Chemist: 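There's a structure below that I have some questions on.
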Amino acid sequence: MVNKKNTPITGITVSKNEDFSAWYTELVKKAELADIRYNVKGFVVYMPWATITIKKMYRKYEDLLDKNGHMPLVMPSVIPESNFNLEADHVKGFAPEVFWVSEAGSEGEKLAERLALRPTSETALYKMYSYWIRSYNDLPFKRYQSCQVWRYEGKMTRPFFRGREFHWIEAHNCFATEEEAINQVKEDMEMTYTMLQDEFCIPIIFFERPQWDKFSGAVSTYAADALMGSGKVLQLPSTHLLGQNFAIPFNVKYVDKDGEEKYCFQTCYGPAISRIYGAMIAYLGDDKGLILPFDLAPLQIVIIPILIKNKEEIVLNKCKKLFEDLKEKYLVKFDDSEDSPGSKFYKWELKGVPLRIEIGPRDIEKNQVVIIKRHDGKKLFIKENELEKNIDKIANNYTRELKEKELLDFEEQIEICYEKDSAKKAIENGKIVCCGFCSIDMKAYPCAEKIEKELGAFVRGKKVTDEKHEFSTCIGCGEPATCAVYIAKSY
RNA sequence: GGGAGUGUAAUGUAGUGGUAAGCAUCCAAGCUUUGGAAGUUUGUUAUCGAAGGUUCAAAUCCUUCCACUCCUACCA
């Protein structure tokens, strides 16, 4: 079969390297991940192909939270204004992006009290926590919910990355001591590494955010930045030490062993699954389309028959038998549609199916099948009698291979800088800058503002673990440095 | 929040005041095909983003709104 000149292009037409934005838009549309024709800004339809993977991601995350002692619950999606207003910094941070429900019914009757569509659930949950938590026997108290939240975003929305409605998990925990709360933050960070790096193949690094960049109402914020290559980072899950900032206004107290009433120490953790999905498909995908970790693919194996006139039956039978053998263990499809083989190859590569099995008359003569791996395009010829064993091996190795291929060495991405000029150059060269800073407290904010403006990049914070680099002076003001910070461009 | 652009069928487009709109893809039916995007025949689908306005006459000109795309700012 010969490719004709007027062949329509149903695949992706732009290169990811040359025009990332256009590439992503085409990927979302052509792989049928989201439909943006719903016509409400920032609200998109999640199509089955994305929804299946997102549900699998939720399942993995929820299993891990369960294992670490969290219990699931489901909160109402509206929050009374009086509740919402209880913690001053929190209100200040979130009020500009709240959607309000203010009337109801065909006459447009005003509600006695406005209801916020939750932008996050602290102020919904903690009202209930004050009922539920009575004594030290109730602690630690660990809950999570998987839900949608709404934020009235400014101009730029993009499917999965940033919507006015997004899908996440939020975990909200209460402890008797600050130390336990700090340990929870550490556990949250470990969970994040397990999920994002090991399961979803996205390289990340955790930073303690500067005080001016923390979650509204928190004592401190620890956020994972995904390393998207060429020095740019993307904020992914963050975990927050809330101290007693919410416990006091919401009256989240317990009676301790000594009979005294005490306020809890709280933490919250918010992995936004929809954004993680966006980051994953953006990071792993290539010019042919999606690439997915094996466990997360809606379809893991597709079998494509190569039909030659008068030899159809033997090929079809062989494919059917293989399909029957594989379907118990894997998500497998036998694509016997009328399209030509080539068009099927393109289609399933676009969809990111990890393994493609081709069977044609020539293979049957040689007692073999052809297996092609999506993530590296490698073609394997497997003898029929070794098929089962080999498929298991290939499937088991797929995600690990993908992770190794995509893992970035953080140290290779950074450049140590001692003054502004070299830092500026490093940022321009697509590096993450590591430098000395006066501090990450509010008093360093003017310093950060100046530097951020000059470099066109942001102070992401202090690295959470094993900082190796030391600096004597702050890159902004020249005063003695108290810490090393990382500066990077962000998406 | 600031800037630039776009809106005609499911999709991509032609159509710059005068016949309710042409083409291709998709989709459906048939025949011939099939080792990287098949060919062919027939058929279905649009009151031109929405609402006003100008005009004898509007997809086409004007106003407002909505949505989308890109850059910038912010967040998860």
Side-chain angles (χ1 to χ4, degrees), chain A residues 1-13 19-22 24-26 28-30 32 35-44 93-94 96-97 119-120 148-170 192 209 213-216 221 223-226 234-240 268-279 288 304-312 315-316 336-350 356 358-364 369-370 372 377 379 452-453 456 458 489-491:
Chain A
M1 188 182 357
V2 184
N3 183 7
K4 297 292 188 281
K5 57 180 180 293
N6 286 331
T7 300
I9 296 167
T10 53
I12 295 179
T13 59
D19 188 347
F20 173 79
S21 288
Y24 185 78
T25 303
E26 275 203 39
V28 165
K29 184 173 170 187
K30 292 187 170 170
E32 299 175 291
D35 198 326
I36 59 170
R37 293 174 299 181
Y38 191 69
N39 264 24
V40 182
K41 182 182 166 58
F43 292 76
V44 302
F94 280 102
E97 40 189 60
T120 175
Q148 278 138 283
V149 291
W150 298 273
R151 295 183 189 177
Y152 182 71
E153 281 296 333
K155 282 230 157 177
M156 185 75 173
T157 59
R158 191 191 269 300
F160 308 117
F161 274 116
R162 185 185 295 100
R164 286 177 165 182
E165 174 179 59
F166 63 88
H167 300 239
W168 75 351
I169 296 172
E170 47 181 324
T192 309
R209 286 282 189 254
D213 195 22
K214 67 183 180 183
F215 176 76
S216 305
T221 285
D225 275 335
L234 174 76
Q235 178 161 336
L236 287 171
S238 45
T239 171
H240 315 282
C268 63
Y269 173 50
I273 306 295
S274 45
R275 173 176 278 189
I276 296 169
Y277 178 76
K288 290 177 173 175
I304 296 179
I306 309 298
L307 300 172
I308 303 292
K309 204 174 175 185
N310 298 326
K311 293 182 186 168
E312 289 98 340
V315 171
L316 287 172
D336 61 349
S337 63
E338 294 293 316
D339 297 328
S340 68
S343 97
K344 291 176 192 176
F345 298 164
Y346 282 106
K347 173 180 171 179
W348 295 114
E349 280 168 355
L350 177 62
R356 175 174 89 231
E358 298 172 20
I359 300 180
R362 294 210 297 261
D363 301 312
I364 289 173
V369 303
V370 183
I372 291 91
K379 204 170 201 176
E452 289 177 348
K453 200 160 192 183
F458 289 88
K489 285 194 170 185
S490 69
Y491 278 105

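Numbered from 1 within each chain, the chains take letters A, B, ... in sequence-line order. Everything numeric here is computed off the predicted structure, so don't read it as measured data.
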Chemist: Measure the distance from CZ on A/Phe94 to P on B/rC75 and round it to the nearest whole Å.
Modeler: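 One finds 10 Å between P of B/rC75 and CZ of A/Phe94, rounded.
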Chemist: Answer yes or no: side-chain N or O of A/Glu358 and base N or O of B/rG36 forming a donor-acceptor pair under 3.5 Å.
Modeler: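 Donor-acceptor pair under 3.5 Å: no.
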Chemist: Just by protein heavy atoms under 4.0 Å, how would nucleotides 43-50 of chain B read 5' to 3' in B, S and -?
Modeler: --------
Chemist: Output all residues satisfying side-chain hydrogen bond (donor to acceptor under 3.5 Å, both in side chains) with A/Thr221, sequence neighbours left out; order by chain, then residue number.
Modeler: A/His240
Chemist: Relative to each other, are the rings of A/Phe20 and A/Tyr491 parallel, tilted or perpendicular (30° and 60° limits)?
Modeler: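 Tilted: the ring planes of A/Phe20 and A/Tyr491 meet at 30° to 60°.
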Chemist: Would A/Trp168 count as stacked on B/rA76 if the rule is ring centres under 5.5 Å and plane angle under 30°?
Modeler: no
Chemist: Please state the P separation for the pair B/rG7 and B/rG12 - nearest whole angstrom.
Modeler: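 That atom pair is separated by 11 Å.
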Chemist: Is it the case that the base of B/rC68 and the side chain of A/Arg158 share a donor-acceptor contact (distance under 3.5 Å, atom types as modelled)?
Modeler: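 When only heavy-atom distances are counted, A/Arg158 does not reach the base of B/rC68 through any donor-acceptor pair under 3.5 Å.
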Chemist: Send over the distance from A/Arg164 CZ to B/rA76 P, rounded to a whole Å.
Modeler: 17 Å
Chemist: Any strand is fair game: report the nucleotide pairing with B/rC31 by Watson-Crick or G-U wobble, both distances under 3.5 Å, or none.
Modeler: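 When the pairing criteria are applied, B/rG39 turns out to be the nucleotide that pairs with B/rC31.
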Chemist: How far, in whole Å, is B/rU11 from B/rC48 if one measures between their C1' atoms?
Modeler: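 Rounded to whole Å, the distance is 16 Å.
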Chemist: For a quick check, tell me whether the side chain of A/Arg162 and the base of B/rC74 share a donor-acceptor pair closer than 3.5 Å.
Modeler: yes
Chemist: For A/Tyr346 and B/rA37, is the gap between ring centres under 5.5 Å while the planes differ by less than 30°?
Modeler: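 So yes, this residue stacks on that base, both cut-offs being met.
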